[in-house]
Amino acid sequence: MRRLTLQEAARLSIPLLDLTSLNKADTDASITALCQKARTPEGWVAAVCVYPRFVALAKQNLSDSPVKVATVVNFPHGESPADAVIVETTEAIRAGADEIDLVFPYKALLAGDENTGRKLVAAVKAACGEAVPLKVIIESGELMTPDNVRRASELAIAAGADFLKTSTGKVKVNATLDAAEVMLNCIRESRAPVGFKAAGGVGTPEQARLYLSLAMNIMGDDWVSPDNFRFGASSLLHNLLVLLGHGSDHATLEY
């Protein structure tokens, strides 16, 4: 596995960040503050990820920036009716969402139903069109086994996913290196233009370095870019900036 220095990993990670706030207590003020953090002393993050009701506000705050606005649908449990998910997606895009993060119906897959997930991903991708990337959250921690993680990844890729995302961040086990390895290998073997997003539980420069090194070793050094690789995180940005010598009020340092 390639060994990046922590400083190299930190500088590489910042433009890969989907700066995220998906909390029940989110307000207009807290989302505005989140957007203000998108421009860092080391450059812009890739995106902010917020609930659909905050998409228009985030777009307004980031209108003069290259930062994308991502939002979540079928979130967090992956059990909404397909028609409702399509409406949710369409309304989010109409409000200005640049990227859609869809929760795969992982419980249906665990019950032996592959068709529900395949059809939902295909339908949501059709609603997104070519202009709006679709990240499919497979909820790898709930799938539990490598075989299940692989099958969810295969189904999502076949149905049109533009990214595979590990987790919602709302379950007991979120991103893990083991799941990331299965997902990245599935992407490589598919030869499809599909990216990867590690979300939930990635909070330190050392953790970021491990995911970056894994991706580089499986996919190649040049593959790791905002078009192909993201971190969904909240506290990670602060910790990266502290490591790089920048004072910040983003969050409490977590090591």
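These numbers come from the heavy atoms of this one structure, side chains and all, not from hydrogens, waters or symmetry mates.
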For the atom pair [atom1] ([X]) and [atom2] ([Y]), what is the distance rounded to the nearest 0.5 Å?
X      : Y      : atom1 : atom2 : answer
Glu42  : Leu237 : CD    : CG    : 10.0 Å
Glu181 : Leu214 : CD    : CG    : 5.5 Å
Asp113 : Lys107 : CG    : NZ    : 14.0 Å
Glu206 : Asn239 : CD    : CG    : 12.5 Å
Cys186 : Leu155 : SG    : CG    : 9.0 Å
Ile100 : Phe75  : CD1   : CZ    : 13.0 Å

Do [X] and [Y] belong together in a cluster built from hydrophobic side chains that touch within less than 4.5 Å?
X      : Y      : answer
Val173 : Phe104 : no
Val73  : Val171 : no
Leu12  : Phe163 : no

Which pair of heavy atoms, one from [X] and one from [Y], lies closest together, and at what distance?
X      : Y      : value
Thr89  : Ala127 : CG2-CB, 4.1 Å
Ile93  : Cys128 : CD1-CA, 3.8 Å
Leu177 : Tyr211 : N-OH, 3.4 Å
Leu120 : Pro105 : CD2-CG, 3.7 Å
Val103 : Pro76  : CG1-O, 3.8 Å
Lys59  : Ala95  : CG-O, 4.2 Å

Against Cys35, only a single residue in Val67, Leu62, Leu19 fulfils side chain to side chain contact (heavy atoms under 4.5 Å, CB included); can you say which?
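Exactly one pass, corresponding to Leu62.
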
Heavy-atom donor-acceptor pair, [X] side chain to [Y] backbone, under 3.5 Å:
X      : Y      : value
Ser190 : Ile187 : yes
Gln207 : Gly203 : yes
Asn74  : Ser80  : yes
Glu8   : Thr5   : yes
Arg209 : Leu4   : yes
Ser167 : Ala199 : yes

Lys125 and Asp162: side chain to side chain contact (heavy atoms under 4.5 Å, CB included), yes or no, with the steps?
CA-CA 9 Å; Lys125 181 55 191 172; Asp162 298 299; 2.7 Å; yes

Using only heavy-atom distances, determine whether the side chains of Asn148 and Arg151 contain a donor-acceptor pair under 3.5 Å.
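No, because no side-chain N or O of Asn148 sits under 3.5 Å from a partner of the opposite role on Arg151.
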
Looking only at side-chain N and O atoms, does Asp178 offer a donor or acceptor that is under 3.5 Å from a partner on Thr176?
no

Applying side chain to side chain contact (heavy atoms under 4.5 Å, CB included) to Met219 and Val224, what does each step give before you reach the verdict?
CA-CA 8 Å; Met219 302 298 296; Val224 175; over 6 Å; no

Quick one: do Leu240 and Leu17 satisfy side chain to side chain contact (heavy atoms under 4.5 Å, CB included)? Show the steps, please.
CA-CA 11 Å; Leu240 297 172; Leu17 284 173; 4.2 Å; yes

For Phe54, give me all partners under side-chain contact (heavy atoms from CB on, under 4.5 Å), at least two apart in sequence or on another chain.
Asp26, Asp28, Ile31, Val50, Tyr51, Leu57

Side-chain donor/acceptor pairs under 3.5 Å, residues 130-144, sequence neighbours excluded:
unit_1	atom_1	unit_2	atom_2	d
Lys135	NZ	Asp18	OD2	3.4
Lys135	NZ	Glu99	OE1	2.6
Lys135	NZ	Asp101	OD1	3.0
Glu139	OE1	Thr168	N	3.0
Glu139	OE2	Thr168	OG1	2.7
Ser140	OG	Thr166	O	3.4

Tell me whether the count of non-hydrogen atoms from other residues, nucleotides or ligands lying under 6.0 Å of CD in Gln60 goes above 12.
no

Counting only heavy atoms not in Lys119, do more than 12 sit closer than 6.0 Å to its NZ atom?
no

Show your reasoning for whether salt bridge (charged side-chain N to carboxylate O under 4.0 Å, His left out) applies to Glu154 and Arg118.
CA-CA 10 Å; Glu154 291 170 344; Arg118 183 190 295 112; over 6 Å; no

Leu212 side chain reached by Leu16 side chain, heavy atoms, under 4.5 Å:
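Yes, their side chains come closer than 4.5 Å.
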
